[in-house]
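Letters A, B, ... are given to chains in the order of the sequence lines, protein chains preceding strands, and every chain is numbered from 1. These values consider heavy atoms only, across backbone and side chains, with no hydrogens, waters or symmetry-generated copies. Only a predicted model underlies this, so the values are computations on that prediction, with no experimental measurement involved.
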Amino acid sequence: MSFDHNKIEAKWRKKWRESGLYKVDLKGAKKPFYNLMMFPYPSAEGLHVGNMYAFTGADFYGRFQAMRGQEVFEPIGLDGFGIHSENYAIKIGAHPSQQAKVSQKRFYDQLSRIGNRFSWEQRLETYDPEYYKWTQWLFIKMFEKGLAVRKKSMVNWCPSCKTVLADEQVEGGVCERCKTPTVRKETYQWFFKITDYADRLLGNIDKIDWPQKIKTAQRNWIGRKEGINITYEIKGSKKTVTCFTTTPVNFGATFIVIAPEHVLVKESKNKKIQEYVTKALKKTEQQRQMEGKEKTGVFTGLYAVNHVTKKEIPIWVADFVLKDVGTGAVQGCPGHDLRDFEFAKKFGLPITRVVVGPDGDRNEITRKEQVIQSGTSGKMVNSDFLNGMEFSKAMQKTMDYFEERGWGERVISFHLRDWLISRQRYWGPPIPMIFCDKCEWQPVPEKDLPVELPFVKDYQPLGEGKAPLEKAPKEWLEVKCPNCGGKARRETDVSDTFLDSSWYFLRYPSIKSNKDSLPGTGKTVLREKLPWDQEVTRRWLPVNAYIGGAEHAVLHLLYSRFVWMCLRDWGYLPKSLGDEPFPFLYSHGLLIKDGAKMSKSRGNVVIPDEYMEKFGTDALRMYLMFIGPYDQGGDFQDTGMMGMRKFLDRVWRLVIAIQDTPGVKNSATPGVSEVGRFRHQTVKRVTQAMENLRYNVGIAALMEYVNFLEFHLRLLTPGVKNSSTPGVVVEAVETLVLLLAPMAPFISEEMWQMLRKSEARSTKFESVHQQAWPTFDEEKARADKVEVVVQVNGKLRARLSLGRDEAQDKEQVFKAAKSEAAVKRYLENKKPVKEIFVKGKLVNLVVR
RNA sequence: GCCGUGGUGGCGGAACCGGUAGACGCUCGAGACUUAAAAUCUCGUGGGAGUAUAUCCCGUGUGGGUUCGAGUCCCACCCUCGGCACCA
């Protein structure tokens, strides 16, 4: 006997929608719980099972919270404005604005079937002008506060995407999206000065409840380092060169290396140097890294003077020194840095030892194995005032020494760089800036927002740093200067996709809260000057639970934190909301297929639709969460899913059975019994599992419970002695349905209504999802009889079944233990040495 | 290289504070029901010795250690996955 999941799902989907079950009172909620999941970027095949995995886990949590009395707001939307969606449109030869409509429909159709308690009233799409109007507003605020700046800088350029990229979007020298090696390019671009917030972004990490993994990734990315900038005078010149360092190895510094982009190099007229620099700059980042093992470089002909050794040291140019790290110049200490060592070896530069490592080697350094690098313990040598000091402790003294003499100053260096916002692409929000020859860059006045993206038929990226919007109609491009009214021109770059998603969670609760329709026009007007309603925001933010993938560890999650801090500092968000948008973040693992990551190229992408059709959405949801711990992901297999469907069938039969069994119905004599105890135990286990998002163990607990109830119900037939009353069984099955409700929302609703109907309690629709989560009593969950384990010398020899109180009594337990035949055997001719007793659990007899 | 995960049967995975390793599920095997199949139900399923549901030995990546007792704690190492990376 089975159930017709398609029929049941359709029925309840309709009923829930009609009754407004998942509507939330955004303005009046007393116990608001903002349950947020990272929104997807829609593409080709629509929703794949990986998306569903993420959403299902988040929904288990949301539904659980709802049954615990929280008013849960679980919104959904689409992040479809950006390179990803544009590239897909190019691939299939469509226009992104058209493709967006197609993808949107497909995605929302699928999303409405996965059983999540979405608040459909508040959905948003980042390409909706109503939304990106405010993305542009955010840009303008950044500009007004001096955090959006246009500056000439060496940036990453993707030759395939034909746009510049933020550092976070380049992974190992290749473009995050298309995997093309990126090159360095010096151009004018818009940046957000996220570095101004580096200290806070780093410091707050200690205060948030996030996975260790993500916190570490952010810490590393921000990369705070304390060190000193040492300024060297250049011999025979008024110029200087400043090197950043974090290690106390100045006595071993025998040369200086500057990056190819360094100012000193630009000024050089030397042909050989210029040749080298030109070649170095043309390399892709990947080439530069790959060739890194083989050092290259050119001597500049210049010398600096080492402050402490007083020796003249040569200045070289080499591409292993990066312009953006520290000052773009380093003091080379070949004895204690592997890169410097390789460089010195290749070009015959002197090597001095200033640290003796744990191996005690004091000889001249000639092999790379002898190079003692920072992080290793060691003692300073050949270093005058530092001699004998521990390597790791000598830096403070070195910095004091240099600062006292005016040779350098302490600095804090960050790995984090400013967020490059502009993209030379089409599908994104136009950057709302206007350039006037007289007044320079002026923001578009707020009343003129949004700057709508004009239709450009031939929207493909142009390359050469030119944006497709250069081809926009003249009426769009040429505007009056907002300041002087003179001739001016719009910015043609659009903003980064990650700007769209950096604030979307602020918008959700306020959709439909702060706008009214203009009668007859269908257009909306905003009542407020902000993208959100302050009252609603105060009620719903920060986000209570944010659930998503770990791939956004240093992208979206860092940008969002930054934007939140800015908005709060400027007073657009109430101070009382705290310094962080996501105090609790949970990152789920990756769902794989046949041991490999799902990807189009492998052809192993699983589309959930057919599984929902065949086994039911409930079975798929539960199977996904049963595969393994939610934070670790798992391998998707068809056989396991069949097992889950069978489990639901068994639950179904159980509900049918208690209605058919005589004497079970309408009896309500609750009492302590084996069934009652098991019920309390199960509620406890499932509750704890749900609280900690340990869904796989929660489901396992339910399975055990069902096994037990089936067994028990079989005993509950006339003439067979049993330990419980029928009423207890009814209660036990009702509890089962309640515990199952967040996991399998459709079938649980169907079963709940069956149980209610049979009891004729109410004619009004009361969803199972509105019921209170069952509670448990620690005392009632405890068993009467406990098993006490008997060990001899730590090895298990016997098990005793004792009464609860009896097992607490040391004397009684030992008496029982020693009379066990299996134990006696080991005590003969042996001398007892020690007796260990763990109350109610275990004894250990130590003999010799 | 650095940082962070994780390593448990044929497989996915359980195991609270150091106290019964392998819950739950899949797979597989045997049986019941059936004309038959499917479905369902029952039993078994870490390895080894053993006629045995007797009993014993070995078992949580490897090698040491702490402890009456270690999957769990400590030290060293190996491997997987993820992040960062010529970061000065």
Side-chain angles (χ1 to χ4, degrees), chain A residues 1-2 171-173 211-221 223 225 227 243-247 249 253 257 259 288-293 295 318-322 324-333 336-340 342-343 373-375 413-415 550-551 553-554 589-590 592 597 623 626-629 631-644 646-647 649-650 653 685 688 694 696-707 710 714 787-799 822 825 833-838 841-847:
Chain A
M1 193 169 23
S2 187
E171 292 170 348
Q212 196 54 48
K213 203 166 104 176
I214 310 271
K215 293 213 261 188
T216 308
Q218 290 216 353
R219 273 194 202 104
N220 290 345
W221 187 259
K225 273 190 194 115
C243 301
F244 175 70
T245 185
T246 57
T247 42
V249 290
V257 191
R288 217 162 138 170
Q289 280 170 28
M290 297 239 284
E291 291 167 11
K293 284 154 206 152
K295 295 282 176 291
D319 66 2
F320 81 86
V321 173
L322 304 177
D324 291 319
V325 178
T327 56
V330 294
Q331 48 177 47
C333 181
H336 305 287
D337 182 291
L338 222 44
R339 294 168 313 234
D340 296 349
E342 284 165 0
F343 192 74
Q373 299 205 81
S374 65
S413 139
F414 289 93
H415 173 248
E551 69 272 17
V554 291
L590 190 69
I592 57 173
K597 201 171 169 173
Y623 168 64
F626 188 61
I627 298 175
D631 60 351
Q632 277 167 44
D635 202 337
F636 187 91
Q637 283 164 12
D638 295 19
T639 51
M641 175 116 64
M642 193 59 222
M644 191 52 76
K646 284 180 186 173
F647 168 70
D649 282 338
R650 283 167 61 203
R653 284 197 297 271
R685 288 172 70 189
Q688 287 174 350
R694 304 259 293 137
N696 57 330
V697 291
I699 294 168
L702 280 184
M703 287 173 166
E704 284 181 65
Y705 187 48
V706 169
N707 289 345
E710 276 179 342
R714 227 163 285 137
E787 197 170 53
V788 176
V789 172
V790 185
Q791 296 180 341
V792 179
N793 287 343
K795 291 210 170 196
L796 174 72
R797 295 302 174 191
R799 299 158 199 268
R825 198 175 341 163
V833 181
K834 207 170 182 181
E835 291 182 344
I836 309 282
F837 179 58
V838 182
K841 244 186 174 170
L842 163 149
V843 297
N844 187 10
L845 303 162
V846 187
V847 294

Give each protein N/O atom lying under 3.5 Å from an N/O atom of nucleotides 52-58 of chain B, with the pair distance.
| residue | atom | partner | partner atom | Å |
| --- | --- | --- | --- | --- |
| B:U55 | O3' | A:Arg825 | NH1 | 3.4 |
| B:C56 | OP1 | A:Tyr826 | OH | 2.9 |
| B:C57 | OP1 | A:Arg797 | NH2 | 3.2 |
| B:C57 | OP2 | A:Arg797 | NH1 | 3.3 |
| B:C58 | OP2 | A:Lys795 | NZ | 2.9 |

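- Counting non-hydrogen atoms under 4.0 angstrom, A:Glu787 reaches a base of the nucleic acid.
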Would you tabulate the nitrogen or oxygen pairs shorter than 3.5 Å linking the protein to nucleotides 12-14 of chain B?
| residue | atom | partner | partner atom | Å |
| --- | --- | --- | --- | --- |
| B:G12 | O2' | A:Ile627 | O | 2.4 |
| B:G13 | O3' | A:Asn696 | ND2 | 3.3 |
| B:A14 | OP1 | A:Arg694 | NH1 | 3.4 |
| B:A14 | OP1 | A:Asn696 | ND2 | 3.1 |

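- Residues passing the side chain to side chain donor-acceptor pair (under 3.5 Å) test with A:Asp631, sequence neighbours excluded: none.
- Within 4.0 Å of A:Asn707, counting heavy atoms only, lie sugar-phosphate atoms of the nucleic acid but no base atom.
- Residue A:Leu322 is in base contact, counting any heavy-atom pair closer than 4.0 Å across all strands shown.
- Here the CD1-CE distance, from A:Ile627 to A:Met644, works out to 9.0 Å after rounding to the nearest 0.5 Å.
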Both distances under 3.5 Å, Watson-Crick or G-U wobble: on that basis, could you give the dot-bracket string for RNA chain B, with [ ] for crossing pairs and | for other-strand partners?
-> ((((.((..(((......[....))).(((((.......))))).((((.....))))..(((((..]....))))))).))))....
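- Taking A:Ala553 as the reference, A:Ile214, A:Ala217 meet the side chain to side chain contact (heavy atoms under 4.5 Å, CB included) condition, with sequence neighbours excluded.
- To the nearest angstrom, C1' of B:G6 lies 15 Å from CD of A:Gln212.
- Among the heavy atoms of the strands lying under 4.0 Å from A:Lys841 is at least one base atom, whether or not backbone atoms are also near.
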Are any protein N/O atoms closer than 3.5 Å to N/O atoms in nucleotides 65-70 of chain B? If there are, list each pair with its distance.
| residue | atom | partner | partner atom | Å |
| --- | --- | --- | --- | --- |
| B:C68 | OP1 | A:Lys834 | NZ | 3.1 |
| B:C68 | O2' | A:Asn844 | ND2 | 3.4 |
| B:C68 | O2 | A:Asn844 | ND2 | 2.3 |

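- Rounded to whole Å, atom C1' of B:C86 lies 10 Å from atom CG of A:Asp340.
- For A:Arg694, the side chain to side chain donor-acceptor pair (under 3.5 Å) criterion is met by no residue, not counting sequence neighbours.
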Nucleotide N/O to protein N/O under 3.5 Å, stretch nucleotides 76-81 of chain B:
none

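- A:Val833 comes within 4.0 angstrom of no nucleic acid atom, judged by non-hydrogen atoms across all strands.
- For the salt bridge (charged side-chain N to carboxylate O under 4.0 Å, His left out) test, no residue two or more places apart in sequence or in another chain qualifies with A:Glu551.
- Listed by chain and residue number, A:Arg339 satisfy the side chain to side chain donor-acceptor pair (under 3.5 Å) test with A:Asp337 (two or more places apart in sequence, or in another chain).
- Nearest to the side chain of A:Lys646, among B:G19, B:C3, B:U40, sits B:U40.
- Within the 3.5 Å criterion, the main-chain N or O of A:Gly794 finds a donor-acceptor partner in the side chain of A:Asn844.
- When the nucleotides B:A88, B:U40, B:C24 are ranked by their closest atom to the side chain of A:Thr246, B:A88 comes out on top.
- In this structure, CG of A:Asp319 is placed 18 Å from P of B:A88, rounded to the nearest angstrom.
- The separation of B:C78 from B:G1, taken at their P atoms, amounts to 9 Å, rounded to a whole angstrom.
- Checking B:U5, B:A21, B:U27 against every side-chain atom of A:Thr639, the shortest atom distance belongs to B:U27.
- For B:C17, the base is syn relative to its sugar; the glycosidic angle is within 90° of 0.
- Rounding to the nearest 0.5 Å places NZ of A:Lys295 at 9.0 Å from CG of A:Asp340.
- When the C1' atom is compared between B:U62 and B:U8, the two are found 15 Å apart, to the nearest whole Å.
- The side chain of A:Val330 lies closest to B:A88 when the candidates are B:G25, B:A88, B:G83.
- Separation of the C1' atoms belonging to B:C28 and B:U45 is 8 Å when rounded to the nearest angstrom.
- Every residue was checked against the side chain to side chain donor-acceptor pair (under 3.5 Å) condition with A:Glu787, not counting sequence neighbours, and none meets it.
- Among residues two or more places apart in sequence or in another chain, the side chain to side chain contact (heavy atoms under 4.5 Å, CB included) test is passed with A:Ala318 by A:Val257, A:Tyr276, A:Phe320, A:Phe343.
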